[in-house]
Each structure stands twice: as C-alpha cells, then as structure tokens.
Amino acid sequence: MRLIMLGAPGAGKGTQAQILAEYLKVPHISTGDLLRVEIQNSTPVGLQAMEYIRAGELVPDSIMIQVLEERLRDPDCSEGFILDGFPRTLSQARYLGTTLRRMKREIDSVVNIDVDQQLILGRLAIRQRTDDDPKTVKHRLDVYHRETAPLIDFYLREGLLRHIDGDAPEDDVTARILRSLD
Ligand code: C5P
Ligand code: MG
C-alpha cells in the first residue's frame, strides 16, 4: 500500500499516518520529522533546512527530493509507505510520480483530511513546536493554501483522491480513512 496524506498543518495527517502505518504494516514517512532529525544532527541538509522551517517557509524542492529519495531507498519501503508532508508542491508531486514509475511502483491512494480552519488554529495553538507560534502558523497556512492545496486537484484528476472529513474524534477519522481505502 502506497499512500499520501494531504491536509493543512494541524489537520491530523501525522496522527492518522502513524495509526495507519501500524495497521497496514508499512512505514510512516514524515518528511517534517526527517528534517527535524537532520537539524538535531547538524547535517548539511539540516543546516540548510533550519531557517526555512523556523520561518514557516517550504524547504526548496531540491533538498526535499534528496531527503525523500534517500528514505525511499531503505528496504522497509519496498512493500509500501505512508507519506506525511510530502509532496508539498506540484513539482514535488510530479517528481514523485516519475520516480515511482521508474521503480515500477505507483501511488494507490491520496487521502485528503479536511478540517475547518478555526479548528486547526485551535489545535496548533496547543502544540509545542517552535514553528507553531501564531505568526508562523498563519504563514504556514498561507503557504499551504498557495503551494500545497493545488495538489488536491492534481490527485483528483489522477483519480486517486479520497476526501475525508477530519472534524471528528481520532478513531472516527481513522475508520473513515480505512473505509475510503476499501
Ligand atoms: O510536515 P511538517 O508540518 O512536520 O513539516 C514541518 C516543516 O518542515 C514545514 O512547515 C516546512 O517548513 C518543512 N517542510 C517542507 N517541505 C516538506 C516537508 C516539510 O518545507 N515537504
Ligand atoms: Mg506532521
């Protein structure tokens, strides 16, 4: 199973991706977590990514593609994966399609978790990440609408999109996702 989780920051992508990964027995690939590890280890990628993340900007495609490509080469990805946080731009989505086709693999489904913006602001306000301060959150939401939301249409056209109302308790959202994948 190869899945992509889409949704605004705070929509619950990461939470659901983690639950689904255990259930489907495939790795959960959070590109945000991968970047945070790179930053902790002060790697060249981490040092480059740091300023973008702090400002709520997107890390350039070239860096993100490098991070993802390396992770996809790990043997645990051969049977599938759940992508959380990638792709975030149309060019990342096109790159992913090309790469998987070259590997004779393909995306099975794209799950878009839809949550009301007010609810998202409430959720992010209680998270403890350094890029969750109100000003950065506002900017990340703007960036999401500009750069990432167009992916909904992109995957709709590819016939892969599953639309999930994420405005419900965690377990209900998981159940909705699993039903949509049947
Ligand atoms: O996915 P997550 O919200 O954990 O990502 C945290 C930050 O990492 C994003 O706000 C962004 O700055 C950066 N990021 C990115 N491109 C990605 C994934 C994460 O720029 N594909
Ligand atoms: Mg996350």
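Indexing begins at 1, ligand by ligand and atom by atom, following the structure's order. In this text the structure is predicted, and so the values were computed from the model without any measurement. The analysis underlying the following values was restricted to heavy atoms, covering all of them including side chains, and did not include hydrogens, waters or symmetry mates.
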Using 0.5 Å steps for rounding, measure from the [atom1] atom of [X] to the [atom2] atom of [Y].
{"X": "I152", "Y": "D114", "atom1": "CD1", "atom2": "CG", "answer": "7.0 Å"}
{"X": "F86", "Y": "L72", "atom1": "CZ", "atom2": "CG", "answer": "8.0 Å"}
{"X": "H28", "Y": "L3", "atom1": "NE2", "atom2": "CG", "answer": "11.0 Å"}

At under 4.0 Å between heavy atoms, which part of R129 makes contact with ligand 1: side chain, backbone, both or neither?
-> side chain
How does D84 reach ligand 1, by side chain, by backbone, by both or by neither, if only non-hydrogen atoms under 4.0 Å count?
-> neither
Between I113, I164, V111, D84, which is the residue that forms a side chain to side chain contact (heavy atoms under 4.5 Å, CB included) with Q16?
-> I113
Picking from E51, R88, M64, what satisfies side chain to side chain contact (heavy atoms under 4.5 Å, CB included) with V59?
-> M64
Does any N/O atom on [X] come nearer than 3.5 Å to any N/O atom on ligand 1?
{"X": "S30", "value": "no"}
{"X": "G85", "value": "yes"}
{"X": "E57", "value": "yes"}

Give the numbers and elements of all ligand 1 atoms closer than 4.0 Å to a heavy atom of [X].
{"X": "L35", "value": "8 (O), 13 (C), 14 (N), 19 (C)"}
{"X": "R36", "value": "4 (O), 6 (C)"}
{"X": "V59", "value": "15 (C), 20 (O)"}
{"X": "R140", "value": "3 (O), 10 (O)"}
{"X": "Q92", "value": "21 (N)"}
{"X": "I53", "value": "8 (O), 12 (O), 13 (C)"}
{"X": "T31", "value": "18 (C), 21 (N)"}

Could you give me the CA-CA distance, side-chain angles and deciding distance for R157 and D153, then say whether salt bridge (Lys or Arg N to Asp or Glu O under 4.0 Å) is met?
-> CA-CA 6 Å; R157 279 172 220 270; D153 226 45; 2.8 Å; yes
Report the member of R88, E51, R54 with the shortest heavy-atom distance to atom 2 (P) of ligand 1.
-> R88
Apply side chain to side chain contact (heavy atoms under 4.5 Å, CB included) to Y95 and D61, showing your working.
-> CA-CA 9 Å; Y95 153 81; D61 290 335; over 6 Å; no
Apply side chain to side chain donor-acceptor pair (under 3.5 Å) to the pair T43 and E38, showing each step before the final yes or no.
-> CA-CA 6 Å; T43 64; E38 299 276 346; 2.5 Å; yes
Pair R179 + D182: basic N to acidic O under 4.0 Å | no
